[in-house]
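First the structure, in the form of structure tokens, and then the observations on it.
In this chain, numbering begins with 1 at the start of the sequence shown.
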Amino acid sequence: SSTLWLKVRLNPPRKKNTHSTTSTMFTCCVQEEAADATAEIGIPAVPAVPAVADPEPAKKALVPAPEVGSFSVEVSTKGFASLGLKLDGVAQGTGHLIQEVQSDGAIAAFNKETPTQSLRVYDVIMAVDDVKGFDEIQAKLAKLPETVTLHLNRPQKVQVTLKKTGPLGLKMDYKDSSMGCVISEPNGTGVMAKWNTENPGQIAGVSDRIVEFDGKPVKGAELLEKLKKEDTLPLTVLKLTC
């Protein structure tokens, strides 16, 4: 540590005159004034206290996306032309199923920054900000703000194995390039109806989507061909949940 030295001037008090008196004369005797004095006083220097930076505001805790069910994420699209998602064109519960996450879009960057909330293939976008509905979501995604909130549903995967002893008893919506087929109308007398009766915990119904055959993803047209030709039908079905 260092010491700060100060020079201080000390002025002693001045003494009063003293007088002596005789019978014959008046004599005034004055004591000479003491000379001014100086002294040096050492004061230890106080070390400087470093400034304390203001604490950073606490970040909002992120809720991890569930393995099955509904969740929402806030995505920054600043600097990106699009979300970078390939979406399926066949409606499933009025939502858009994610067919592919492209490497150069806002969602790929979001997934890298927030892995606990990352979006996956088969997730379904149910609303964008406050916009719902298949066509309305498409219009919203065509012109994105800098920050967008996506409301999603992560479907439950149900394994269904059918023995084709008769008609399937299903009407389905699909396109040649869609992710499988969406069940639009089951009837009560086909092979699927029999499966649903015997397996109440693995029912495939309206708005569920068949996406895999024997564990492998299939497009709509490919799935229909397999449903026609094969006698044993090992299917993976996506069910939207609350």
Side-chain angles (χ1 to χ4, degrees), residues 64-71 84-103 107-108 111 115 117-126 133-135 137-138 150-242:
E67 285 303 310
V68 174
S70 299
F71 64 104
L85 294 177
K86 185 176 180 182
L87 301 174
D88 191 88
V90 176
Q92 182 178 8
T94 71
H96 290 254
L97 180 133
I98 297 177
Q99 203 167 2
E100 179 185 349
V101 179
Q102 298 164 339
S103 61
I107 295 300
N111 286 353
Q117 289 189 320
S118 60
L119 275 59
R120 305 174 185 170
V121 172
Y122 296 158
D123 286 348
V124 180
I125 300 175
M126 305 301 295
F134 190 82
D135 294 335
I137 290 174
Q138 276 191 314
L150 303 178
H151 305 282
L152 302 107
N153 193 300
R154 181 162 289 166
Q156 177 186 4
K157 284 187 176 183
V158 174
Q159 303 302 322
V160 174
T161 301
L162 304 177
K163 297 293 184 179
K164 199 167 64 177
T165 57
L168 289 181
L170 294 176
K171 288 185 179 179
M172 298 184 291
D173 294 331
Y174 73 98
K175 293 183 179 179
D176 288 349
S177 60
S178 64
M179 293 287 282
C181 302
V182 177
I183 299 173
S184 59
E185 184 183 337
N187 66 42
T189 59
V191 173
M192 184 64 81
K194 184 174 183 294
W195 167 271
N196 288 343
T197 300
E198 295 174 351
N199 301 273
Q202 295 172 288
I203 290 175
V206 175
S207 293
D208 293 345
R209 183 189 291 255
I210 304 170
V211 291
E212 296 175 4
F213 188 94
D214 199 16
K216 298 178 181 178
V218 286
K219 302 296 184 183
E222 181 185 1
L223 176 60
L224 281 200
E225 286 301 312
K226 290 185 177 295
L227 294 179
K228 291 175 183 177
K229 293 179 179 179
E230 304 294 336
D231 292 328
T232 300
L233 309 176
L235 308 174
T236 300
V237 179
L238 302 182
K239 294 183 67 68
L240 296 179
T241 61
C242 297

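- Considering all non-hydrogen atoms of both residues, Asp173 and Ser184 come closest at OD2-CB, 3.6 Å.
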Starting from the C-alpha separation in whole Å, work towards a yes-or-no answer on side chain to side chain contact (heavy atoms under 4.5 Å, CB included) for Gln99 and Tyr122. CA-CA 6 Å; Gln99 203 167 2; Tyr122 296 158; over 6 Å; no
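- Side-chain atoms of Trp195 come within 3.5 Å of backbone atoms of Gln202 as a donor-acceptor pair (strictly under, hydrogens ignored).
- Among residues two or more places apart in sequence or in another chain, the salt bridge (Lys or Arg N to Asp or Glu O under 4.0 Å) test is passed with Glu185 by Lys171.
- Other residues, nucleotides and ligands contribute more than 12 heavy atoms inside 6.0 Å of the CZ atom of Phe213.
- Closest heavy-atom contact between Thr241 and Gly69: OG1-CA, 3.4 Å.
- A distance-only check finds a donor-acceptor pair linking the side chain of Asp208 to the backbone of Gly205 [under 3.5 Å].
- Using modelled atom types, one side-chain atom of Asn187 and one backbone atom of Gly190 make a donor-acceptor pair closer than 3.5 Å.
- With values rounded to the nearest 0.5 angstrom, Leu240 atom CG is found 10.5 Å from Gln156 atom CD.
- Under the side chain to side chain donor-acceptor pair (under 3.5 Å) criterion, Asp123 pairs with Arg154, sequence neighbours left out.
- The closest side-chain heavy-atom distance from Met192 to Leu162 is below 4.5 Å.
- Under 4.0 Å is where a charged nitrogen must lie from a carboxylate oxygen, and between Arg209 and Asp88 at least one such pair does.
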Working for side chain to side chain contact (heavy atoms under 4.5 Å, CB included), residues Leu238 and Lys157: CA-CA 5 Å; Leu238 302 182; Lys157 284 187 176 183; 3.7 Å; yes
Checking side chain to side chain contact (heavy atoms under 4.5 Å, CB included) for the pair Leu87/Leu97: CA distance, chi angles, key distance, verdict? CA-CA 6 Å; Leu87 301 174; Leu97 180 133; over 6 Å; no
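- Within 6.0 Å of NZ in Lys194 there are 12 or fewer heavy atoms belonging to other residues, nucleotides or ligands.
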Validation: residues 214-237 side-chain donor-acceptor distances under 3.5 Å, sequence neighbours left out:
residue: Thr232; atom: OG1; partner: Lys163; partner atom: NZ; Å: 3.3
residue: Thr236; atom: OG1; partner: Gln159; partner atom: OE1; Å: 3.1
residue: Thr236; atom: OG1; partner: Glu212; partner atom: OE1; Å: 3.2

Side chain to side chain contact (heavy atoms under 4.5 Å, CB included), that's the test. Do Leu170 and Val191 meet it? Break it down for me. CA-CA 9 Å; Leu170 294 176; Val191 173; over 6 Å; no
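- Looking at Asn196, its side chain does come within 3.5 Å of a backbone N or O of Ala204 through a donor-acceptor pair.
- In this structure, His96 contributes its side chain and Ile137 its backbone to no donor-acceptor pair below 3.5 Å.
- Once rounded to the nearest 0.5 Å, the distance linking CD of Gln117 with CG of Leu150 reads 11.0 Å.
- Between Val90 and Ser178, the shortest heavy-atom contact is CG2-CB, 3.7 Å.
- Looking at Leu152 and Ser70, their side chains never come closer than 4.5 Å, going by heavy atoms from C-beta outward.
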